[in-house]
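To start, the structure under review is shown below, and the notes come after it.
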Amino acid sequence: MRGTRTVVPALINGNDVTATDTGLLARHDPSDGSRLPDVVISGSDEVETAVAVCHETFASGAWSALPPADRGAVLLRLADLVERDGALLAELDSKEAGKPIRECLAGDVSAALEALRWFGGAADKLHGSTSVTAPSEVGMTLREPLGVVAAIMPWNYPMAQASWKIGPALAAGNSLVLKPSEWTPSSALHMARLAIEAGVPAGAIAVLPGSGDVTGAAIAAHPGISALSFTGSVDTGRAVLRAAADSNFKRVSLEMGGKSPQILMPDALTYGQALIDHMIDSAFMTMGENCTAGSRILVHESIAGEVTERFLGRARALVVGNAMDEATDLGPLITEDAAARVRTLVRQAVADGAELLLGDPLDHPSGPRFVGPVVLRVSDQGSEIQQTEVFGPVVTISTFSSEDEAVAMANDSLFGLAASLWTRDIDRAMRMARAVQAGVVSINSYSEGGMSMPFGGYKQSGFGGKERGMAAFEQWTQSKTVWLQLHSDQPGGVRAAE
Ligand code: NAD
């Protein structure tokens, strides 16, 4: 098999590593079930080598000591190369993740470009501070790179995720070890090669594909890695945090799951089709395999009937099919197991008393990895379907009768990643935005906010650092206080009174 099939390699010091002691991982195209190239499982040896090379490069200053504006210029060149290869990157993500090609081309490529250009531009705008001191003293802070840092990533937004990590980590001068998801390693690998083409030293970026229990675990436990930015599920977040504590207390930032509410106040329908379109995107973009999916619609009882009818009308028209087909709105879920889990959760919800408004039959004619849009009417806010991150095209609709009740329902979750809120009443909007426990609240849209704004969760959706905006540099730099004592009584010294 190995002789005839191309393998997705690891990339260390600019070289492909096509064989390891830990073997290969088999994968299939989620859309048609055809075999995709096997993925090299990077083991402790590869992690060791990659970290050593990254350390050497960091110490050499080839990247870390470049003037920040020069690092920024390289990132801007990388963005141009990503733009050049945008169609290829979109195809890689679509085939490996089952994401609709239209979404990859329009959404993910532009998200990657925006991030790389934003952080390229920000590289030389990272300021420390000075404090008010006595005339004989100066206090200042320096923002410094951490050395060798790592990122462990999920499979749902592969190239966009990679750009959110590459942009700030490299802009700050670190060397970066990237671990893409076992299902979707190819776009990160391609972007790392483009980074080297753009001028990043080959030893400043490594990509280590592989499984979580082997590759991810070895990275999380490695004592030579100073910081780890993790995006993925809550269970893995826990494991990563433990491994960091058990090794070198590398600083960890966690971006995890969500169960985000879409709150519709009585005047929400005055936004007409825009409201319904945003609701559909929020619920079903990337088949609902989206951390900020608005999977709980909370609607005021006075408009619930009309909202439900219009939402169902749009949801029924969504095209389910092969991700590479331009007409497709919903591709397959990432694996057969993932789709089976979603169906089980929906069946359980119905058994628990939810009403299935859309989604019958659950066994989609396109095959076992496909799940069409599912809409459930739910009243029990404590039920499993209302509390669990489904990570599929499943949305629930519940009604409320007052602002207080809406906020209480929105906050009735272990998660707090995002929320959207629809009303024309600005006082109410700001009052509710403050009361909702979520890292991002978008008013009158489904949005994660622009690149200049911090993104990250409350509660069990994460902590330890934000992505995007200048706040992202908190994850990827450390702050040093420099305290300078001036001696005015020494030869050449300054006099306090002068
Ligand atoms: P996952 O936790 O299964 O895997 C994420 C990454 O962790 C993968 O690269 C995996 O190989 C690795 N991993 C698994 N076990 C590991 C271990 N023991 N040690 C170290 N690494 C390990 O998550 P997933 O299924 O890839 O992604 C879906 C989850 O990601 C959802 O919960 C979703 O909400 C979340 N997510 C969050 C955000 C965000 O920004 N908050 C963005 C996208 C996805």
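Start at 1 and go down the list; that is how both ligands and their atoms are numbered. Note that the numbering runs from 1 along the sequence shown for the chain.
A 4.5 Å side-chain heavy-atom check between Ile297 and Ser282 finds every atom pair outside the cut-off.
With a 4.0 Å heavy-atom cut-off, ligand 1 is reached by no atom of Asn290. By the criterion of a heavy-atom distance under 4.0 Å, the side chain of Phe455, and not its backbone, is placed next to ligand 1. Contacts between Glu289 and ligand 1, counted as non-hydrogen atom pairs separated by less than 4.0 Å, are absent for every part of the residue. Only the side chain of Ile152 comes within 4.0 Å of ligand 1, counting heavy atoms alone; its backbone N, CA, C and O stay farther away. Under 4.0 angstrom from ligand 1, the non-hydrogen atoms of Leu417 all belong to its side chain.
With hydrogens left out, the protein atom closest to atom 26 (O) of ligand 1 is Trp155 CD1, 3.0 Å, a heavy atom. Taking atom 34 (O) of ligand 1 as the reference point, the nearest protein heavy-atom neighbour is Glu389 OE2, 2.6 Å. Scanning the protein for heavy atoms near atom 8 (C) of ligand 1, the closest one is Met153 O, 3.2 Å. When hydrogens are left out, the protein atom nearest atom 5 (C) of ligand 1 is Thr231 O, 3.8 Å; that is the closest non-hydrogen contact. Among all non-hydrogen protein atoms, the one lying nearest atom 16 (C) of ligand 1 is Thr236 CG2, 3.2 Å. Here the heavy atom of the protein found nearest to atom 21 (N) of ligand 1 is Gly216 CA, 3.4 Å. Distance from atom 10 (C) of ligand 1 to its nearest protein heavy atom, with residue and atom name: Glu182 OE1, 3.5 Å.
Stacking of Lys179 on the aromatic ring of Phe230 is not recorded, the 6.0 Å distance cut-off and the 45° axial limit not both being met.
Using cut-offs of 30° and 60° on the angle between ring planes, the pair His278 and Trp422 is perpendicular.
For Phe230, the heavy-atom gap to ligand 1 drops under 4.0 angstrom. The closest approach between Glu467 and ligand 1 stays at or above 4.0 Å for every heavy atom of the residue. Distances shorter than 4.0 angstrom do not occur between any heavy atom of Ala220 and any atom of ligand 1.
Between Arg314 and Asp329 no salt bridge is recorded (no basic side-chain N to carboxylate O distance below 4.0 Å). Salt bridge status for Asp363 with Arg347: present, with a side-chain N to carboxylate O gap under 4.0 Å. Checked for salt-bridge contact, Lys466 and Glu255 miss the test: no charged N lies under 4.0 Å from a carboxylate O.
Close N/O approach between Ser233 and ligand 1 is found [any backbone or side-chain N/O within under 3.5 Å]. Considering backbone and side-chain N/O of Lys179, one or more are found under 3.5 Å from N/O of ligand 1. Between Asn156 and ligand 1, no pair of N/O atoms sits closer than 3.5 Å.
For the residues Cys291, Pro180, Ala160, Gly212, the heavy atom positioned nearest atom 14 (C) of ligand 1 is part of Gly212. Closest heavy-atom approach to atom 35 (C) of ligand 1 within the set Gly257, Pro185, Gly232, Ala151: this belongs to Gly232. Of the candidates Pro154, Gly462, Pro158, the one placing a heavy atom closest to atom 27 (O) of ligand 1 is Pro154.
Residue-ligand proximity, Ala217 to ligand 1, at heavy-atom distances under 4.0 Å covers atoms 19 (N), 20 (C). Which parts of ligand 1 touch Gln161 is read off a 4.0 Å heavy-atom cut-off, strictly below it: atoms 42 (C), 43 (C). Short contacts between ligand 1 and Val240, defined as distances under 4.0 Å to a heavy atom of the residue, involve ligand atoms 20 (C). Counting atoms of ligand 1 from 1 in the listed order, those under 4.0 Å from a heavy atom of Ser181 are 9 (O).
Between the side chains of Asp16 and Thr18, no donor-acceptor pair of N or O atoms lies under 3.5 Å. Between the side chains of Thr292 and Glu448, at least one donor N or O lies within less than 3.5 Å of an accepting N or O. For the residue pair Ser186 and Lys95, no side-chain donor N or O sits within less than 3.5 Å of a side-chain acceptor on the partner.
Atom OH of Tyr458 sits in a sparse spot, with 12 or fewer heavy atoms from other residues, nucleotides or ligands closer than 6.0 Å.
With hydrogens and angles ignored, the 3.5 Å screen pairs a side-chain donor or acceptor of Thr20 with a backbone N or O of Ile41. Between the side chain of Asp29 and the backbone N or O of Ser34 there is no donor-acceptor pair closer than 3.5 Å.
Taken from OH in Tyr446 to CG in Asn290, the straight-line distance is 4.0 Å, to the nearest 0.5 Å.
Between Gln381 and the options Arg296, Gln387, Gln386, a side-chain hydrogen bond (donor to acceptor under 3.5 Å, both in side chains) holds for only Gln386.
For Trp164 and Tyr157, the distance between ring centers is not under 6.0 angstrom.
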